[in-house]
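Heads up, the thing below is written out as structure tokens.
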Amino acid sequence: QQQQQQQQRQGLSADASAGGDAAAAAPAAGAASGDREAGCPNLYLAQQSLQEPGLSRLLEDVPVPELLTAKQLTSINMWFSSRCSRSSLHYDPYQNLLCVVTGCKRVRIYPPAAVLGLYPRPLGGEASNHSSVNFARPDFEQHPLYRHVSGQCISVSLQPGDALFLPEGWWHQVDSQEMTFAVNFLWSSQLTSQLQSQGHQHHYYLRQLLASTSSEAVQQLLDSIQPWQPRPTQAAAPADAFAAAVFQQQ
């Protein structure tokens with residue numbers, strides 16, 4: 001929670017689909033600068049917990065969906081954008097149910113298997129769960145593998161009353177329209193809960209995962225290599241033509 005708050009103070013606020021770590025949100029390309037000059041405020045409320053004192057009464061207007069009543073919710077958050085906004089491409093370490101109350105959101109989703117082509121930022125750095133790819137204007141020279149996973153993108157448009165389930169680890173990016181208000185519910189997956197309860201096994205699991213992913217990456221690299229083929233040879237010149245050429249050189 002402290003890390004989330006620090007990221008938000010640094011301007012790395014997430015869009016409505018973010019959970020564990022915040023995503024970098026910015027006004028969308030279509031936002032007119034004239035609105036700023038006219039005094040229209042650009043308000044963006046990111047991952048504001050409704051369980052904090054002073055806001056808990058709002059939960060009366062946001063009942064927990066019946067399918068989540070048996071879940072141990074990590075947090076219930078509200079999101080608001082007064083103008084068009086755009087999040088970065090990222091994943092979250094929670095199960096996520098995103099519900100749109102007003103406005104509209106467009107969500108782009110990639111499966112976890114696309115991770116190699118999405119170039120995650122380094123572990124231990126800031127926002128390590130974010131992609132380094134500029135998905136709006138991808139640089140295929142800098143991120144060549146993105147070309148192979150861009151076709152795996154699923155695009156969903158959410159209107160008021162719609163809800164979208166984002167499984168843990170699935171990459172997503174969100175565009176929000178003007179005056180969009182949303183609520184999301186976060187909870188830990190069964191696998192994550194089990195891993196957290198077995199801290200003494202983490203180093204073993206890490207070695208197993210590294211071995212598995214390394215083997216998979218090597219196999220993908222081998223599959224991408226074109227088989228060697230000999231260059232086509234030119235047809236040999238007739239003996240008399242070759243002899244005539246040698247005679248002329250002499």
Side-chain angles (χ1 to χ4, degrees), residues 4 7-8 11-31 42 44-47 77-122 125-187 189 220:
Q4 295 171 9
Q7 289 177 339
Q8 291 176 3
L12 296 174
S13 54
D15 198 38
S17 62
D21 289 325
N42 182 15
Y44 189 85
L45 184 63
Q47 200 171 340
N77 306 304
M78 66 176 178
W79 312 77
F80 174 75
S81 56
S82 63
R83 291 213 299 261
C84 296
S85 63
R86 166 168 288 177
S87 79
S88 64
L89 182 62
H90 64 285
Y91 67 87
D92 296 314
Y94 300 101
Q95 308 276 48
N96 186 352
L97 184 66
L98 170 63
C99 307
V100 174
V101 180
T102 61
C104 175
K105 288 182 176 291
R106 181 187 178 190
V107 187
R108 297 177 178 89
I109 310 168
Y110 293 84
V115 62
L116 293 179
L118 299 180
Y119 297 87
R121 297 180 184 178
E126 187 176 20
S128 60
N129 62 322
H130 292 211
S131 170
S132 301
V133 178
N134 181 357
F135 61 90
R137 295 181 180 178
D139 184 346
F140 294 115
E141 292 186 0
Q142 185 178 8
H143 305 117
L145 295 180
Y146 180 69
R147 189 188 306 272
H148 301 289
V149 302
S150 58
Q152 301 180 29
C153 177
I154 303 172
S155 183
V156 180
S157 180
L158 301 179
Q159 304 295 330
D162 290 342
L164 175 65
F165 172 57
L166 292 166
E168 174 187 350
W170 280 67
W171 294 81
H172 49 280
Q173 178 276 321
V174 184
D175 288 335
S176 299
Q177 299 299 318
E178 296 179 355
M179 304 304 292
T180 295
F181 182 86
V183 176
N184 73 328
F185 302 84
L186 304 178
W187 69 98
S189 67
Q220 290 181 355

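For this chain, numbers begin at 1 and follow the sequence in order.
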Qualifying salt bridge (Lys or Arg N to Asp or Glu O under 4.0 Å) pairs, either residue in residues 148-169, two or more places apart: none
Exam field: side chain Ser87 to backbone Val174, donor-acceptor pair closer than 3.5 Å: yes
Polar side chain donor-acceptor pair, His172 to Asp92, under 3.5 angstrom: yes
Minimal non-hydrogen separation, Ser128 against Tyr91, with atom names: O-OH, 4.2 Å
Distance-minimising heavy-atom pair for Cys104 and Gln159: SG-NE2, 3.4 Å
Non-hydrogen side-chain atoms of Arg106 and Ser155 separated by less than 4.5 Å: yes
Those residues that, when tested against Ala163, pass side-chain contact (heavy atoms from CB on, under 4.5 Å) (two or more places apart): Leu97, Cys99
Under the side-chain contact (heavy atoms from CB on, under 4.5 Å) test, residues paired with Ser150 that sit two or more places apart: Tyr146
Minimum heavy-atom distance between Trp79 and Asn184, given as atom pair plus value: NE1-OD1, 2.8 Å
side-chain contact (heavy atoms from CB on, under 4.5 Å) against Glu141, all qualifying residues, sequence neighbours excluded: Asp139
Those residues that, when tested against Ser132, pass side-chain contact (heavy atoms from CB on, under 4.5 Å) (two or more places apart): Tyr119, Arg121, His143
Criterion side-chain contact (heavy atoms from CB on, under 4.5 Å) on Ser81 and Glu178, from CA distance to verdict: CA-CA 6 Å; Ser81 56; Glu178 296 179 355; over 6 Å; no
Ser131 side chain to Leu118 backbone, donor-acceptor under 3.5 Å: yes
Nearest heavy-atom neighbours spanning Thr180 and Gly103: OG1-CA, 3.6 Å
4.5 Å side-chain heavy-atom contact, Trp170 and Pro111: yes
All ring-ring contact (aromatic ring centres under 6.0 Å, His included) counterparts of Phe140, not counting sequence neighbours: none
Salt bridge (Lys or Arg N to Asp or Glu O under 4.0 Å): pairs with one or both residues in residues 108-117, sequence neighbours excluded: Arg108-Asp175
Distance (rounded to the nearest 0.5 Å) between Phe185 CZ and Phe165 CZ: 14.0 Å
Where Gln95 and Ser189 come nearest, the two heavy atoms and their spacing: NE2-CB, 3.6 Å
Test item: Ile109 and Val156 side chains (from C-beta on) under 4.5 Å apart, heavy atoms: yes
Smallest separation among heavy atoms of Trp171 and Pro112, with atom names: CD1-CA, 4.3 Å
Flag side-chain contact, heavy atom, 4.5 Å: Val100 against Leu164: no
Reported CE-to-OG distance for the pair Met179 and Ser82, which is rounded to 0.5 angstrom: 6.5 Å
Identified side chain to side chain contact (heavy atoms under 4.5 Å, CB included) counterpart of Asn77 within the set Val183, Leu186, Leu98: Leu186
Reported NZ-to-OG distance for the pair Lys105 and Ser85, which is rounded to 0.5 angstrom: 6.0 Å
Gln177: side chain to side chain donor-acceptor pair (under 3.5 Å) partners, not counting sequence neighbours: none
